[in-house]
Amino acid sequence: MAAFAASTPVGVRALSGTAVTCRAPTARPATVAAAPMRMAAADEMVPDMNKRNLMNLLLTGAAGSVAVGALGPYAYFFVPQSAGGAGGGIAAKDAAGNNIKEDAWLKAHPTDSRELVLGLQAEATWLIVEDKKVAPFAINAVCTHLGCVVPWVAAENKFKCPCHGSQYDKNGKVIRGPAPLSLALEHVNVDDEGTVVLSSWKEEDFRTGEAPWWNF
């Protein structure tokens with residue numbers, strides 16, 4: 001027995017004549033400790049939130065500046081050009097798209113004539129000649145019923161809409177329905193270069209004594 005015990009490796013003991021092998025516990029890898037280390041390293045990789053927001057704002061601003069710079073020249077063509085003077089109005093244009101000059105217009109149009117021109121909002125507008133000069137007001141030609149362009153009937157000295165029969169007097173005041181309102185007015189001025197300039201009429205409507213219903 002003594003010889004057996006002496007020759008038996010460490011961890012082997014005799015139990016009721018049977019040899020039992022006892023192994024020392026194996027240490028587990030330190031994986032639990034490694035996880036916090038990885039999380040700490042990941043946290044170091046995440047940029048500060050304030051810095052991220054600042055970078056986003058800078059990138060957005062840079063992109064917006066580029067877009068405005070690229071689209072600016074194109075937007076210029078969609079903005080009506082002002083003729084200057086007359087409170088920032090626009091030049092009245094003839095059928096060919098040319099600015100109307102008062103002298104040339106009066107030579108071609110007699111007193112009490114009414115001729116369509118391109119006015120505010122690029123809409124048809126009646127330019128009036130009275131007492132051998134351009135009248136201080138023009139009349140928007142868009143019917144207040146359903147938007148038809150109302151023609152001037154010189155033989156009857158009034159405007160008559162061919163769509164539904166609305167009628168307006170020589171100054172555009174409604175005198176027969178179904179149009180509910182008079183035609184809109186526009187101011188007429190002549191600038192230093194002799195160009196006829198149209199601008200918004202925001203004062204009292206001299207035909208009705210009421211505030212203007214239009215907002216252009």
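Bear in mind that the values here come from a model prediction, so they are computed numbers and not experimental data.
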Can you sort out the partners of [X] under side chain to side chain contact (heavy atoms under 4.5 Å, CB included), two or more places apart, ordered by chain and number?
| X | result |
| --- | --- |
| Ala124 | Leu116, Ala141, Val149 |
| Ile100 | Ala92, Asp94, Trp105, Val117, Leu127, Val196 |
| Lys170 | Arg114, Trp152, Asn157 |
| Leu118 | Lys93, Ala122 |

Closest approach of Phe216 and Leu185, non-hydrogen atoms and distance?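 Closest approach of Phe216 to Leu185, heavy atoms only: CE1-O, 4.5 Å.
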Is it the case that the side chain of Ser199 and the backbone of Gly89 share a donor-acceptor pair, with hydrogens and angles ignored and the cut-off at 3.5 Å?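 Flag not set: sc Ser199 to bb Gly89 has no pair under 3.5 Å.
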Any salt bridge (charged side-chain N to carboxylate O under 4.0 Å, His left out) pairs touching residues 198-212, not counting sequence neighbours?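 Qualifying pairs, neighbours excluded: Asp205-Arg207.
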If you look only at pairs with a residue in residues 144-157, which of them pass as a salt bridge (charged side-chain N to carboxylate O under 4.0 Å, His left out), with sequence neighbours excluded?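 Sorted pair list: Glu156-Lys158, Glu156-Lys160.
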Nearest 0.5 Å, what's the [atom1]-[atom2] distance between [X] and [Y]?
| X | Y | atom1 | atom2 | result |
| --- | --- | --- | --- | --- |
| Trp126 | Asn171 | CH2 | CG | 14.0 Å |
| Ile90 | Asn99 | CD1 | CG | 9.5 Å |
| Asp169 | Leu183 | CG | CG | 9.0 Å |

If hydrophobic clusters are built from ILVMFWY residues whose side chains come within less than 4.5 Å, do Val153 and Val174 share one?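 No; tracing contacts between hydrophobic side chains, which count when under 4.5 Å, never links both residues.
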Pairing residues for Trp201 by the ring-ring contact (aromatic ring centres under 6.0 Å, His included) criterion, not counting sequence neighbours: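 Partners of Trp201 under the ring-ring contact (aromatic ring centres under 6.0 Å, His included) test: His187, Phe206.
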For Tyr168, check ring-ring contact (aromatic ring centres under 6.0 Å, His included) against everything at least two apart and list the hits.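 Partners of Tyr168 by the ring-ring contact (aromatic ring centres under 6.0 Å, His included) criterion come out as none, since no residue qualifies.
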What's the verdict on side-chain contact (heavy atoms from CB on, under 4.5 Å) for Val188 and Leu198, showing C-alpha distance, side-chain angles and the deciding distance? CA-CA 5 Å; Val188 178; Leu198 303 176; 3.5 Å; yes
Just grab all the disulfide (SG to SG under 2.5 Å) pairs involving residues 122-216, residues at least two apart or on different chains.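 Counting only pairs at least two positions apart or across chains, the disulfide (SG to SG under 2.5 Å) contacts touching residues 122-216 are Cys148-Cys163.
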side-chain hydrogen bond (donor to acceptor under 3.5 Å, both in side chains) contacts in which one or both residues fall within residues 173-184, not counting sequence neighbours: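 Listed by first then second residue: nothing to list.
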Residues two or more places apart in sequence or in another chain: which of them pass side-chain hydrogen bond (donor to acceptor under 3.5 Å, both in side chains) with Glu102?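 None.
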Taking only distance into account, with no hydrogens and no angle test, what donor-acceptor pairs under 3.5 Å do side-chain atoms of residues 128-140 form with protein atoms, sequence neighbours excluded?
from, atom 1, to, atom 2, distance (Å)
Asn140, OD1, Val142, N, 2.9
Asn140, ND2, Glu123, OE1, 2.9

